[in-house]
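Remember, predicted model here, so these are calculated numbers, not experimental data.
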Protein chains: 2
Amino acid sequence: MIHTVAETGRGRPTMNDVAAAAGVALKTVSRVVNEERGVNEATAERVRQAIALLGYRRNDGARVLRRGRTASIGLVIEDVADPFYSLLSRAVEDVALGNGSLVFTGSSGEDSLRERELVLAFCARRVDGLIIVPAGDDHGYLVPELAAGIRAVFADRPAGPGLDVDTVLCDNTGGARAGTAHLAAHGHRRIAFLGDNPAIFTAEERLRGYREALASAGLAYDAALVAMGTPQQERLHADLARLLALPDPPTALFTGNGRTTVTALRALEALDARPTAAGGIAIVGFDDFELADMLSPAVTVVAQDPANLGRTAAELLFRRLSGETGPAERLRLPTRLIARGSGELPPP
Amino acid sequence: MIHTVAETGRGRPTMNDVAAAAGVALKTVSRVVNEERGVNEATAERVRQAIALLGYRRNDGARVLRRGRTASIGLVIEDVADPFYSLLSRAVEDVALGNGSLVFTGSSGEDSLRERELVLAFCARRVDGLIIVPAGDDHGYLVPELAAGIRAVFADRPAGPGLDVDTVLCDNTGGARAGTAHLAAHGHRRIAFLGDNPAIFTAEERLRGYREALASAGLAYDAALVAMGTPQQERLHADLARLLALPDPPTALFTGNGRTTVTALRALEALDARPTAAGGIAIVGFDDFELADMLSPAVTVVAQDPANLGRTAAELLFRRLSGETGPAERLRLPTRLIARGSGELPPP
DNA sequence: GGCGCGGCTGACAACGTTGTCAGGTCTCAC
DNA sequence: GTGAGACCTGACAACGTTGTCAGCCGCGCC
């Protein structure tokens, strides 16, 4: 039988309230809530009724305090609004949910200070683990956290020096090499490179791949054909205007990430120099993007698989959380060249 | 002076450990950590040194248990990987961070059961508030949570019946009306409608707008010109093939959301019926999308502002959390028609 | 009748923090 | 010399849960 209970007014009911309502001890409620065996079915039913009556829900914060594990992880990326990271996020979420874990998400906005704040805030909430796409390259602040048992996996970019931690990267150099070589194989000898800020690990690796491909093709590296920086419309417009005005202008363009590719296409349009099916400057871009196949010409890309990146990192994290030991892993995920037209245009 | 302390081995240092190391009482450490005034500067400095030495970080879980507020909110959307929701997410994140709050994110995948699980899991963590893009239309499970003081704001779609809660919606009907009227104004009399599953609130509202615009233009509603369902490639391909094979086929197409627009464009391409600058079926799509302006012809859209939606919902939530009372608000955000070419093609 | 055992229940401490309250020391004015 | 007040510090309970341990009851067996 259910005893009515004087509602204490404000605030949520606790196990104590449920216990009082059901006429049992606190601990019995705990057992029912956690579906432990050894509770008489009639008693359990009375407790369940009291729970429903009061709208009780277990306070996981208190539970965590008692047990240690929070069943939550933190994900720090550059920007959820960027398709690359949103695909990565979704994959991380799915793996986490499959492991009974919730996900704190935060965008650093390529600001190492904000990255640090987010990570430490997550650590203060005692997340079990972290997946980090770092913005900065000093992660000393993580040392005490790792020592305290929080596991971290770095994704897309490695941790700063001195941190021996699991890392999942993309084959940036190989991908850029393949993309650049593809252009060279189609007869281009003046290939420009538009990349992100060279302080960013991936941008620098991709530049390296570009240079290696040039060398393999017997082409000289010409600094005048390289422009790097944040992919803003105005900057790219100016860079491309400069490149096209060179006495010996490039006949092909390798762009270092998705945002740069799209922005460059817009800038070329504004400069009246966008490739057409009939011809024009050839383009290969790092990163696939939505509708690349619907432009004319369709855009040839070196595709990464951001979902795979997120999934791999998350699975690695959960393997660690379930006790897997061993030295820090450092994985490289492959890229794939998708020829669609813009990278197969011949030089004039 | 710092006393050395016997490291207890596993686990993180607590305030107690710091207190022992600094030779002060637990409460003094608490005061220093929380930057309360009234602590002698020399003492405080000793405590800070002990904190640094031990790598101490406050356990926010315990703090929350004591204080009641968690400084975290939960965000449930359909899919972070969808650009619409990823823009919304970013806006929510930014507002939350500005209010000193962290964000749990979860994708329901348009599954009402998963929505419920996510929301209740967030509630068990005692988030202060929720922003929900609902997948289902029964939110009875939220009643006890709301009664217990968790604030919720529904975004993009309303809560199920019986729940009187803050809601931020888009002007779906008005937008669809404007888009359809735009096509009619350009001379089209056979306008097809491709929408999402009509069980989804926004899809149904947009269909209504489409019908209203037809009526205003003196055009008859023809069920044969309407196809609704999940925007999968095969389904849309079949629907469009059927439409184009009609004895009196449509000369224009209104598509009910971003995913549908993009998928329909691909299907038209496969059917060799994609519009060109020279002519073809006219298209207006609900939702703007990246590169809509770079296709040929560029795609005319009825644009929502997902970031604005997220920001508005989050700001409303935080106003509630900071004590604003009053009846539940129900906001409607405007849409904007952006003419780019595909919607201005004349009928043949 | 006594003993052991399985099944069920409850009392109590502990998790790491903060709010409350009390106490101690010092300074200053009377 | 004493009281008032400012300043600093600490003891203790409480937040809501779970782990540990002990106890009760009824049963079957010696």
Side-chain angles (χ1 to χ4, degrees), chain A residues 8 10-48 50-51 54-71 121 123-128 148-150, chain B residues 8 10-48 50-51 54-71 121 123-128 148-150:
Chain A
T8 49
R10 281 269 62 75
R12 302 187 73 109
T14 70
M15 278 194 178
N16 231 329
D17 302 328
V18 175
V24 299
L26 174 61
K27 181 63 200 187
T28 299
V29 178
S30 172
R31 280 195 259 263
V32 173
V33 168
N34 292 295
E35 297 180 344
E36 290 171 30
R37 44 192 221 90
V39 178
N40 183 291
E41 182 46 32
T43 313
E45 185 49 33
R46 223 166 60 224
V47 170
R48 278 191 288 267
I51 287 175
L54 298 179
Y56 168 78
R57 183 165 315 285
R58 180 176 61 201
N59 183 331
D60 278 356
R63 169 173 228 241
V64 157
L65 183 58
R66 197 54 239 260
R67 310 186 93 206
R69 274 286 176 95
T70 57
C123 289
R125 300 303 172 96
R126 296 294 188 270
V127 294
D128 299 328
I150 291 187
Chain B
T8 49
R10 284 268 61 78
R12 302 188 73 110
T14 71
M15 279 194 178
N16 230 328
D17 301 329
V18 175
V24 298
L26 173 60
K27 181 65 201 186
T28 299
V29 178
S30 172
R31 280 195 257 265
V32 173
V33 168
N34 291 296
E35 297 180 347
E36 291 171 29
R37 44 191 224 91
V39 178
N40 182 293
E41 183 46 32
T43 312
E45 185 49 33
R46 223 165 60 222
V47 170
R48 279 191 288 269
I51 287 175
L54 297 179
Y56 168 78
R57 183 163 317 283
R58 178 176 63 200
N59 183 332
D60 276 357
R63 169 172 227 238
V64 156
L65 183 57
R66 196 54 237 264
R67 308 185 94 206
R69 275 284 177 96
T70 57
C123 289
R125 301 301 173 95
R126 295 295 188 271
V127 292
D128 299 328
I150 291 188

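Side-chain contact check for A/N34 versus A/R63: some heavy-atom pair is nearer than 4.5 Å.
Residue contacts shown for A/V33 are absent, as no nucleic acid heavy atom lies under 4.0 Å away. Using a 4.0 Å heavy-atom cutoff across all strands shown, B/V24 reaches sugar-phosphate atoms only and no base atom.
Taking OG1 from A/T14 and CG from A/L26, the interatomic distance works out to 7.5 Å, rounded to the nearest 0.5 Å. Between B/N59 atom CG and A/R126 atom CZ the span is 4.5 Å, to the nearest 0.5 Å.
At whole-Å resolution of the value, CZ in B/R66 and P in C/dG19 are 7 Å apart. C/dC15 atom C1' lies 12 Å from atom CZ of A/R126, rounded to whole Å. Rounded to a whole Å, the CZ atom of A/R37 is 12 Å from the P atom of C/dG6. A/N40 places its CG atom 9 Å from the C1' atom of C/dG7, with the value rounded to the nearest Å. Going from atom CZ of A/R69 over to atom P of D/dT18 covers 17 Å, rounded to whole Å. If you take CG of A/N59 and C1' of D/dT18, they are 13 Å apart, rounded to a whole angstrom. For the pair B/R125 CZ and D/dC15 P, the interatomic distance rounds to 22 Å; values are reported in whole Å. For the pair A/N16 CG and C/dC12 C1', the interatomic distance rounds to 13 Å; values are reported in whole Å.
Between C/dG19, D/dG16, D/dT18, one nucleotide has an atom nearer to the side chain of A/L65 than all others, and that is D/dG16. Closest to the side chain of A/K27, from the set C/dG10, C/dA13, C/dT17, is C/dG10. For A/A25, counting side-chain heavy atoms from C-beta on, the closest listed nucleotide (D/dT17, C/dG10, C/dG19) is C/dG10. Which of C/dT18, C/dG16, D/dT17 sits closest to the side chain of B/R58 comes down to C/dT18.
No donor-acceptor pair under 3.5 Å is formed between the side chain of B/R58 and the backbone N or O of B/S30. At least one donor-acceptor pair closer than 3.5 Å links the side chain of B/D128 to the backbone N or O of B/T70.
Contact annotation: B/R67 side-chain N/O to D/dC15 OP1/OP2 distance is not under 4.0 Å. A sub-4.0 Å separation between OP1 or OP2 of D/dT9 and a side-chain N or O of B/T43 is present. Residue A/N34 places at least one side-chain N or O closer than 4.0 Å to OP1 or OP2 of D/dT18. Within the structure, a side-chain polar atom (N or O) of B/S30 is placed less than 4.0 Å from OP1 or OP2 of C/dT18. For D/dG10, one of the phosphate oxygens OP1 or OP2 lies less than 4.0 angstrom from a side-chain nitrogen or oxygen of B/T28.
Taking for each of A/E36 and B/L26 the nucleotide of DNA chain D with the nearest heavy atom, the 5'-most of the two is the partner of B/L26.
Residue A/R31 places a side-chain atom within donor-acceptor reach of the base of C/dG10, judged by atom type and a 3.5 Å distance cut-off alone. Not a single donor-acceptor pair, N or O on each side, falls under 3.5 Å between the base of D/dT17 and the side chain of A/R63.
Remark: A/R46 does not engage A/E41 in a salt bridge, criterion side-chain N to carboxylate O under 4.0 Å.
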